[in-house]
Novice: 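Mind looking over this structure? Questions follow.
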Amino acid sequence: MDALVRPVVDPTFAAGALAFLLGGIALGTASGLVPGLHANNFALLLAGFAPSVPADPLFVGVAMLGAGVVHSFLDIVPALALGVPDAATAVAALPGHRLVIAGRGREAVRLSAVGSGLAVALAVPLAVPITWLMVRWYPTLRAHLPLLLGGVVALLVLTESSRRAAVGGLVAFLASAALGFATLDADPAAPLSTGGVLAPLFAGLFGVPVLVDALGGDGVPPQADPRIAMDARDLGTSAGAGSLAGAVVGYVPGVSAAIAAVAAMPAVPRASADRGFVVATSGASTANTVFALFALVALGTPRTGVTVAIDRAGVPFALPILLVAAATAACFGFALVVLLGDPYLRIVGNADYTRLSLGVLGLLALLSYAFAGGFGVGVLLVAGALGLVPPRVGARRVHLMGVLIGPLIVW
């Protein structure tokens, strides 16, 4: 009888898992607060080092997942603080930037934290039914993937604010798709064996343009109190829409959390459009991070850089442990957004934007070289130039996801 008794908790295992989780949280905090960096970069580095780490591979997976979840909470902070336009051009700014210009940046930080937090809370009840449906629909989805992705592209173009923006968005999609065809199959020599072109591609398309736009910025204006001025019902509706959209696209190749946020926008109340956009975007990003894990376990197909790294590192699919790690990381992420968001806005807002942006651009160039050598630096420059185009024609930068969607449609 005694042989059947097993300890419910192994203190040594729990301590090891917690130590690796805290390490992942630290990496996710670093990547989340530096524009252009992503938890994917650190996750792939960990995947490369995993065979030489004298620890349970599950611990490495816990660190990777913790980094991804915390990053999805914190990446709103540099997005709000950098690239803030002049008040005269605020109408054409992103919703988050409009809130910052109006002195509501501290509120935007908390809206994002609530959106991401609710996404994790909703993940538990949504996980089983959505995974059950997606497992059954996946063969059909896979067979008609080009048609589905074509529909996504049409949705993005047709929901632009003007004909000029729609044409500009389509051109940006086609140009980024061409960049994807030219680079995704490349295997350049690089200092890091776990490198690749995805890091410079995404840093260029989505990180470099923000930093370039910030070069001549006036900084962050004084911010008012952090009170959330959004109806609780509208807040819940926006968070739920973003979370559900992020959950669904977690199973679809090439479709990002940013696209999920666009899909969720019709459900966001018009009276709170800017605030609802921040909530829905954050909810979609965090839900996508969590549900990509379910897609990996249920379908064996990684959908994000973090799950690609988990797959490469041979992490055991111990879903209960990984979910506890994700929930714990979410608690840290929520607290870190509130704790670090306000001082980040204040410090970055008072900093020399030119020096700050140039410093981060130099860091991205070094990382691009580490991941993909001189070829990676070239990709960073080309992608960065392309990333500047959509806002100049009034289009959303999300069209640049054509870098993945275009090749997936054809291949």
Side-chain angles (χ1 to χ4, degrees), residues 35-36 38 40 75 79 83 92-95 141-142 144-186 196-213 242 245-246 248-266 277 280-281 284-285 288 292 303-305 378-411:
H38 199 279
N40 294 348
D75 60 357
L94 291 170
L141 183 154
R142 188 68 195 177
H144 298 88
L145 185 60
L147 183 63
L148 173 62
L149 294 178
V152 169
V153 175
L155 172 69
L156 293 177
V157 171
L158 294 175
T159 54
E160 279 292 0
S161 58
S162 67
R163 179 176 296 180
R164 178 171 181 264
V167 172
L170 180 59
V171 171
F173 170 82
L174 294 174
S176 62
L179 182 61
F181 282 115
T183 59
L184 287 176
D185 278 343
V197 296
L198 284 179
L201 266 178
F202 282 93
L205 291 172
F206 301 104
V208 168
V210 173
L211 294 165
V212 171
D213 288 339
V248 172
V249 303
Y251 297 86
V252 182
V255 181
S256 68
I259 296 175
V262 173
M265 283 309 294
F277 179 87
T281 301
S285 177
N288 181 257
R303 292 283 176 252
T304 65
V379 169
L380 180 76
L381 293 174
V382 173
L386 179 57
L388 291 168
V389 173
R392 268 69 182 174
V393 295
R396 296 180 295 248
R397 202 170 271 129
V398 70
H399 296 285
L400 299 174
M401 283 304 298
V403 73
L404 293 183
I405 294 177
L408 281 171
I409 290 176
V410 174
W411 292 342

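For the single chain, residues carry numbers from 1 onward in sequence order. Both backbone and side-chain heavy atoms feed into the values below; hydrogens, waters and symmetry mates do not. Note that this is a predicted model, so its numbers are computed, not measured.
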Novice: Is there any side-chain hydrogen bond (donor to acceptor under 3.5 Å, both in side chains) pair reaching into residues 161-179, and which pairs are they, with sequence neighbours excluded?
Specialist: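 Listed by first then second residue: nothing to list.
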
Novice: Do Ile259 and Ile405 have side chains that approach each other closer than 4.5 Å (heavy atoms only, starting at C-beta)?
Specialist: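 Touching, per the 4.5 Å side-chain cut-off.
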
Novice: Taking side chain to side chain contact (heavy atoms under 4.5 Å, CB included) as the definition, give me every residue that meets it alongside Pro391, ordered by chain and number, with sequence neighbours left out.
Specialist: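 For Pro391, the residues satisfying side chain to side chain contact (heavy atoms under 4.5 Å, CB included) (neighbours in sequence not counted) are Arg397.
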
Novice: Could you work out, with side chain to side chain contact (heavy atoms under 4.5 Å, CB included) as the rule, every residue matching Ala186, not counting sequence neighbours?
Specialist: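 Side chain to side chain contact (heavy atoms under 4.5 Å, CB included) list for Ala186, sorted by chain: Pro188, Val197, Phe375.
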
Novice: Under the side chain to side chain contact (heavy atoms under 4.5 Å, CB included) test, which residues partner Val252, sequence neighbours left out?
Specialist: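 Scan of Val252 (side chain to side chain contact (heavy atoms under 4.5 Å, CB included), adjacent residues dropped) gives Leu141, Leu145, Leu148, Leu149, Val255.
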
Novice: Which residue pairs pass the ring pair (Phe, Tyr, Trp, His ring centres under 6.0 Å) test when at least one of the two sits in residues 158-180, sequence neighbours left out?
Specialist: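 Checked against ring pair (Phe, Tyr, Trp, His ring centres under 6.0 Å) - neighbours excluded - no pair reaches residues 158-180.
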
Novice: For Pro95 and Phe277, which heavy atoms make the closest approach, and how far apart are they?
Specialist: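 Shortest heavy-atom separation between Pro95 and Phe277 comes out as CG-CD2, 3.5 Å.
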
Novice: Might you point out which heavy atoms bring Leu388 and Pro209 nearest each other, and give the distance in Å?
Specialist: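 Scanning both residues, the minimum pair turns out to be CD2-CA, 3.7 Å.
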
Novice: Minimum heavy-atom separation for Ala284 and Ala260, please, with both atom names.
Specialist: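 It is CB-CB, 4.0 Å.
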
Novice: Any side-chain heavy atom of Val389 sitting closer than 4.5 Å to one from Leu400?
Specialist: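 Contact flag for Val389/Leu400 side chains = no.
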
Novice: Ala166: what forms a side chain to side chain contact (heavy atoms under 4.5 Å, CB included) with it, not counting sequence neighbours?
Specialist: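 Side chain to side chain contact (heavy atoms under 4.5 Å, CB included) check on Ala166 returns Val157, Glu160.
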
Novice: Would you say that Leu179 contacts Leu184 through its side chain, given a criterion of any heavy-atom pair below 4.5 Å between the two side chains?
Specialist: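 Answer no - side chains too far apart.
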
Novice: Does anything in residues 383-393 pair up under side-chain hydrogen bond (donor to acceptor under 3.5 Å, both in side chains), and if so which pairs, sequence neighbours excluded?
Specialist: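 The answer is Asp213-Arg392.
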
Novice: Please name the pair of heavy atoms, one in Ala395 and one in Gly169, separated by the smallest distance, quoted to 0.1 Å.
Specialist: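 Reported closest heavy-atom pair: CB-N, 3.8 Å.
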
Novice: Taking side-chain hydrogen bond (donor to acceptor under 3.5 Å, both in side chains) as the definition, give me every residue that meets it alongside Thr159, ordered by chain and number, with sequence neighbours left out.
Specialist: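 With neighbours one apart ignored, the set is Arg396.
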
Novice: With a cut-off of 3.5 Å and sequence neighbours excluded, list every side-chain donor-acceptor pair involving residues 199-208.
Specialist:
none

